[in-house]
Amino acid sequence: MGDIRQSLLPRDVLSAAKELLYHLDIYFCNLVQSGRQPPQVDAKTLELIEEFILHTPKDRSTPARRMSALQELQLLEIMCSCFQEQSRDAVRQLMFSALFNLQGNQADESRMSLLGKLVSMSIAVGRVPILECAATWLQRTHRVYCVRLAQVLVDDYCCMVPGSVPTLHNIHSASPRFCCQFITAVTTLYDLTSEELTPPPELLQMIVSWIQDDPRLVLITFLNSPLSSSQPISSLDLTPLGGLMRWCIKAPLAYRKDKKQVLTKGSSESEAEAGPLFSALHLSVLQVFMLLPSILNEKGLFGRLALLQLDSLATLTSDLSRLLDQADKHTHTSAADTHVLSQMALDRLAQALQVAMASGALLCSREDLRAICSRLPHNNLLQLVLSGPVMYYNNIHTPPLAYSPHAAAAAHSPITTHPTMSTLPTHRTHTPHTPLPAHPPAHPQYPTQSFITMPFPFRSSH
């Protein structure tokens, strides 16, 4: 690939990028056919991509080549066609990773900019192969860059262009894998810690409708991941369940903490819109948890794989404790309203914890739960969950990660043998009882009475 550089230099920026994409397609086809596992892209090919597609100069003395807005749009159309016409998924995935896998250099900003525009256009024109490649990219890339891509898509379809939400809504049928990764990314992005990090109502309603229509949608990445594969460090979670739980639990308090949003009636406009949506989302998340036991048993992972991590729950309870403290200090909300919202958040936490533990998504002991919930105020349902019975899993000989070894040892300690009973002494032989004297005759003044035989009428209680 390195020998074509001289032929690309005289061309204009669009023509050079188009020519390079043509040669890349041939190069990656040959690389896949070679059978080398995993296929290795050489450094010179990556340098050509950075110079002629990402327009990062090879050396500082060379001026950067720039595209006009029209040329950039034409390049995106060429890339869409290139991925659409390539029939082999392995070739498409290899080309996408060569173009957009982060290299830790100055070209990464150009990569992220071009990636956001390409994925946004692919959503608009329905280029499924690119969405499938983007789903893989979201699964393998550091979460910081994943949330940047998610932010671009939310801005494009939920904020900047009115009426474009239905276009984004269609990705759940076009590419469920990408849709699942997109939900995971946006739940990581919007953690409800500020007004800016609160999901737009359009996005919230869209996610609720997706999960209501197909609860298994949020499990697609998990279902399609090989059992032997391990998640890259700092990548997105395997499922969006943790992020969706965080939304539902924090929402009653997070949507009321900003005094500027409060209306004269005592409730915020955003709360009025989002309240029923978060309630529906909470129910859908619990229903997804209920699907897990059969799936985990089928994969042989029940009691071995935790889809919810204890450290993430510790962060959630810490955030919830802070929100509860802030709610108590708000003077614009009545104490009764604050109490109702606080108890709603704690009820949702208790429900999610109980169902997650029962379904095998959360592997921990009750002692662990009591430790991370120790700073939370009293709640009847949460107290019931924290004081519930110890959870046992199918494989009792190998306690799962985060399962308390002390509880396991106590639960399976050997039973001590009973002491040997000494031989009982022989009882002496009893003499036969003397016969009892006959009863005196019945009292003559009280004649014998027969049972009442008069029929008793049934009276209906109604």
J.: Cut-off 3.5 Å, side chains only: do D155 and Q151 have a donor facing an acceptor?
T.: yes

J.: Of the non-hydrogen atoms in V91 and F28, which two are nearest, and what is the gap between them?
T.: CG1-CB, 4.0 Å

J.: Measure from the side-chain N and O atoms of S321 to the backbone N and O of T317, and report whether any donor-acceptor pair falls under 3.5 Å.
T.: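 No: the side chain of S321 does not pair with the backbone of T317.
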
J.: Could you label the plane-to-plane angle of the F182 and W210 rings as parallel, tilted or perpendicular, counting under 30° as parallel and over 60° as perpendicular?
T.: perpendicular

J.: How far does CG of L349 sit from CD1 of I249, to the nearest 0.5 angstrom?
T.: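 Nearest 0.5 Å value for the CG-CD1 distance: 4.5 Å.
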
J.: Looking at every heavy atom in both A185 and A150, which two are closest together, and how far apart are they?
T.: CB-CB, 3.7 Å

J.: Quick one: pull up CG in L310 and CG in L369 and give me the separation to the nearest 0.5 Å.
T.: 7.0 Å

J.: If I compare all heavy atoms of I130 with all of M79, which pair ends up nearest, and what's the gap?
T.: CD1-O, 4.3 Å

J.: Give the intermediate values and the outcome of side chain to side chain donor-acceptor pair (under 3.5 Å) for residues E19 and H23.
T.: CA-CA 7 Å; E19 183 70 14; H23 286 283; 2.9 Å; yes

J.: Between T221 and Q181, does any side-chain donor sit less than 3.5 Å from a side-chain acceptor?
T.: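 The criterion, which ignores hydrogens and geometry beyond distance, is satisfied for Q181 and T221.
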
J.: Should the pair R322-D325 be classified as a salt bridge under the 4.0 Å nitrogen-to-oxygen rule?
T.: no

J.: Just to verify, which of I171, D156, N170 counts as forming a side chain to side chain contact (heavy atoms under 4.5 Å, CB included) with I123?
T.: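 Testing I123 for a side chain to side chain contact (heavy atoms under 4.5 Å, CB included) against I171, D156, N170 leaves exactly one candidate, I171.
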
J.: Do we get K299 above F222's six-membered ring, with its NZ or CZ under 6.0 Å from the centre and within 45° of the axis?
T.: yes

J.: Closer than 4.0 angstrom, basic N to acidic O: yes or no for E85 and R92?
T.: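 Salt bridge between E85 and R92, a charged N being under 4.0 Å from a carboxylate O: no.
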
J.: Can you name the nearest heavy-atom pair linking M95 to L21, along with the distance?
T.: CE-O, 4.3 Å

J.: Which distance, rounded to the nearest 0.5 Å, do you find between the SG of C364 and the CE of M357?
T.: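 Rounded to the nearest 0.5 Å, the SG-CE separation comes out at 4.5 Å.
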
J.: Within the 4.5 Å heavy-atom criterion, are L305 and L363 side-chain neighbours or not?
T.: no

J.: Taking side chain to side chain donor-acceptor pair (under 3.5 Å) as the test, write out the residues that go with D25, two or more places apart.
T.: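 Expected list: Q86.
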
J.: Can you see which heavy atom on L168 is nearest to which on C158, and at what distance?
T.: CD2-SG, 4.2 Å

J.: Taking the side chain as every heavy atom from C-beta outward, state whether C179 and L217 have any atom pair closer than 4.5 Å.
T.: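 Of all side-chain heavy-atom pairs linking L217 with C179, at least one is under 4.5 Å.
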
J.: Report the residue from V144, T141, L115 that forms a side chain to side chain contact (heavy atoms under 4.5 Å, CB included) with L102.
T.: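 Going through V144, T141, L115 one by one, the side chain to side chain contact (heavy atoms under 4.5 Å, CB included) with L102 is satisfied by T141 alone.
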
J.: Should R5 and E47 count as an ion pair when the cut-off is N to O under 4.0 Å?
T.: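 Looking at E47 together with R5, the answer is no, because their closest N to O distance does not fall below 4.0 Å.
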
J.: Please round to the nearest 0.5 Å and tell me the distance separating atom CD1 of I49 and atom NE2 of H55.
T.: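 With rounding to 0.5 Å, CD1 (I49) is 12.5 Å from NE2 (H55).
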
J.: State, to 0.1 Å, how close D108 and G104 come at their nearest heavy-atom pair, and which atoms those are.
T.: OD2-N, 2.7 Å

J.: If we ignore angles and hydrogens, is there a donor and acceptor under 3.5 Å between the side chains of Q71 and D12?
T.: no

J.: Mark yes or no for whether S113, through its side chain, and E109, through its backbone, hold a donor-acceptor pair below 3.5 Å.
T.: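 No, because the side chain of S113 does not come within donor-acceptor range (under 3.5 Å) of the backbone of E109.
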
J.: Under 4.0 Å between a Lys/Arg side-chain N and an Asp/Glu carboxylate O for D319 and K250?
T.: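 Here D319 pairs with K250 in a salt bridge, since their nearest N and O are under 4.0 Å apart.
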
J.: Would you give the length of the straight line joining atom OG of S312 to atom CG of L307, rounded to the nearest 0.5 angstrom?
T.: 11.5 Å

J.: Any Lys/Arg nitrogen of R143 or D237 sitting under 4.0 Å from an Asp/Glu carboxylate oxygen of the other?
T.: yes

J.: Do side-chain atoms of D191 reach the backbone of T187 as a donor and acceptor pair under 3.5 angstrom?
T.: no

J.: Checking the side chain of R111 only, and the main-chain atoms of L99 only, is there a donor and an acceptor separated by less than 3.5 Å?
T.: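 Present.
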
J.: Can you say whether the rings of F100 and F96 are parallel (under 30°), tilted (30 to 60°) or perpendicular (over 60°)?
T.: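 Because their plane-to-plane angle lies in the 30° to 60° range, the rings of F100 and F96 count as tilted.
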
J.: Given Q139, which of S225, C180, S235 fulfils the side chain to side chain contact (heavy atoms under 4.5 Å, CB included) condition?
T.: S225

J.: Does R177 form a side chain to side chain donor-acceptor pair (under 3.5 Å) with T136? I'd like the steps, not just the answer.
T.: CA-CA 8 Å; R177 283 186 64 234; T136 304; 3.1 Å; yes

J.: Will you find, in the side chains of N379 and Q343, an N or O donor that is under 3.5 Å from an N or O acceptor?
T.: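 Yes, a side-chain donor-acceptor pair sits under 3.5 Å.
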
J.: Just checking, is any N or O donor in the side chain of E132 or S175 under 3.5 Å from an acceptor N or O on the other one?
T.: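 E132 vs S175: donor-acceptor pair found between side chains.
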
J.: Looking only at side chains, do D42 and T45 share a donor and an acceptor under 3.5 Å apart?
T.: yes

J.: If we ignore hydrogens and angles and just use 3.5 Å, is the side chain of S120 paired with the main-chain N or O of G116 as donor and acceptor?
T.: no

J.: Judged by modelled atom types alone, do R348 and S279 share a side-chain donor-acceptor pair under 3.5 Å?
T.: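 Distance-only check passes for R348 and S279.
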
J.: Where the side chain of S209 meets the backbone of M206, is there a donor-acceptor pair that is under 3.5 Å apart?
T.: yes

